[in-house]
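Notes follow the structure.
Chain identifiers are assigned alphabetically (A, B, ...) following the order of the sequence lines, protein sequences preceding nucleic acid strands; residue numbering begins at 1 within each chain.
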Protein chains: 2
Amino acid sequence: MASADDIRSTVSKYLDAVGGGTSADVAALYADDATLEDPVGTEPLVGREAIEKFYSALDAVQNKTELLSIRVAGNSAAFAFRVVTDTGEQTITIEPIDVMTFDDQARITSMRAFWSQDDISFG
Amino acid sequence: MASADDIRSTVSKYLDAVGGGTSADVAALYADDATLEDPVGTEPLVGREAIEKFYSALDAVQNKTELLSIRVAGNSAAFAFRVVTDTGEQTITIEPIDVMTFDDQARITSMRAFWSQDDISFG
């Protein structure tokens with residue numbers, strides 16, 4: 001099982017990649033057969049190719065990310081974070097709580113994002 | 001599916017019951033066949049009787065609870081909260097992130113608590 005420190009490190013890399021990286025950078029943190037459910041309640045995506053495509057919107061905008069809190073338990077983590085997206089025309093702020101599981105190499109094996117329209121603000 | 005407001009209401013009642021209620025008050029918020037995994041990575045408990053027993057430690061101590069943040073998505077919620085327990089000899093503070101699912105009546109059908117020893121402080 002990945003250590004708590006390794007899990008925290010992957011989450012940190014994840015937020016860095018969502019902030020300043022490409023969709024490929026983000027997808028590289030996922031295991032090959034990982035699943036992604038964002039937001040929770042939607043049909044999960046399966047596999048790194050589908051996951052990279054999901055993050056492709058990142059490649060067109062500037063994001064800033066900030067970890068607000070993280071809890072690690074077993075091979076899993078739950079963490080609250082903020083993503084601020086500057087589209088050039090407006091600033092969109094969203095603060096989800098994500099739950100991830102990790103394999104022995106601390107690659108993400110599943111991601112579930114808890115948020116709704118209520119958690120988005122525009123500035 | 002339970003509405004987001006109904007889900008938030010159950011979470012609020014849950015924290016009130018963990019704070020000032022009995023183990024029976026807490027268990028009454030769960031569906032009959034609900035599961036409880038606390039902390040995540042341990043063997044889940046199944047059924048309201050086992051769940052009430054889990055919370056029986058509540059009946060001996062004073063707790064104060066505070067909701068820090070909540071995200072609702074589909075039939076699920078993730079929320080960060082603080083529990084301060086006064087044992088008479090010391091104060092124990094723990095700040096988990098819990099994930100719950102809910103049935104159509106907004107009863108809790110599963111609870112998974114993300115925390116570790118790192119998230120406990122003593123005062």
Side-chain angles (χ1 to χ4, degrees), chain A residues 1-12 15 35-45 54 66-83 93-104 106 108-121, chain B residues 1-12 15 35-45 54 66-83 93-104 106 108-121:
Chain A
M1 196 165 73
S3 71
D5 282 347
D6 288 344
I7 287 174
R8 284 192 197 92
S9 172
T10 297
V11 170
S12 176
L15 293 180
T35 59
L36 181 154
E37 184 182 347
D38 185 351
V40 165
T42 58
E43 186 67 24
L45 302 176
F54 173 84
E66 182 184 356
L67 181 65
L68 302 177
S69 65
I70 181 168
R71 299 292 176 264
V72 176
N75 70 347
S76 302
F79 57 101
F81 63 108
R82 179 182 298 136
V83 182
T93 303
I94 177 163
E95 296 189 0
I97 294 177
D98 276 15
V99 169
M100 290 179 172
T101 56
F102 302 86
D103 67 13
D104 290 349
I108 304 160
T109 49
S110 69
M111 184 276 249
R112 306 181 73 223
F114 293 76
W115 63 274
S116 70
Q117 296 297 324
D118 296 342
D119 307 309
I120 304 178
S121 59
Chain B
M1 197 165 74
S3 72
D5 282 346
D6 287 344
I7 287 173
R8 284 192 197 92
S9 172
T10 297
V11 170
S12 176
L15 293 181
T35 58
L36 182 153
E37 184 182 346
D38 185 352
V40 165
T42 58
E43 186 67 25
L45 302 176
F54 173 83
E66 183 183 356
L67 181 64
L68 302 176
S69 64
I70 181 167
R71 299 292 175 265
V72 176
N75 70 348
S76 302
F79 57 100
F81 64 105
R82 177 181 299 135
V83 182
T93 302
I94 176 162
E95 295 189 0
I97 294 177
D98 276 15
V99 169
M100 290 179 173
T101 56
F102 302 86
D103 66 13
D104 290 349
I108 305 161
T109 50
S110 68
M111 185 276 248
R112 304 181 74 222
F114 293 77
W115 63 274
S116 70
Q117 295 298 324
D118 296 342
D119 307 310
I120 305 177
S121 60

>> Please rank A:Ile70, A:Val72, A:Val40 by heavy-atom pairs under 4.5 Å with chain B and give me the top one.
In response: A:Val40
> For the candidates B:Pro39, B:Ala80, B:Ala77, which exhibits the highest count of non-hydrogen atom pairs separated by less than 4.5 Å from chain A?
Replying inline: B:Ala77
> Taking only residues two or more places apart in sequence or in another chain, which ones pass salt bridge (charged side-chain N to carboxylate O under 4.0 Å, His left out) with A:Glu95?
Replying inline: A:Arg82, B:Arg71
> Using a cut-off of under 4.5 Å for heavy-atom pairs, which of A:Ala4, A:Pro96, A:Ala78 has the most such pairs with chain B?
Replying inline: A:Ala78
>> Need one label for A:Asn75: side chain, backbone, both or neither, based on atoms under 4.5 Å from any heavy atom in chain B.
In response: neither
>> Quick check on the interface: out of A:Ser69, A:Gly41, A:Ala73, A:Ala113, who has the most heavy-atom pairs with chain B under 4.5 Å?
In response: A:Ala73
> Of the backbone (N, CA, C, O) and the side chain (C-beta and beyond), which part of A:Asp118 lies under 4.5 Å from a heavy atom of chain B, both, or neither?
Replying inline: side chain
> Could you give the distance from OG (A:Ser76) to CD1 (B:Ile97), rounded to the nearest 0.5 Å?
Replying inline: 12.0 Å
>> Could you work out, with side chain to side chain donor-acceptor pair (under 3.5 Å) as the rule, every residue matching A:Asp104, not counting sequence neighbours?
In response: none
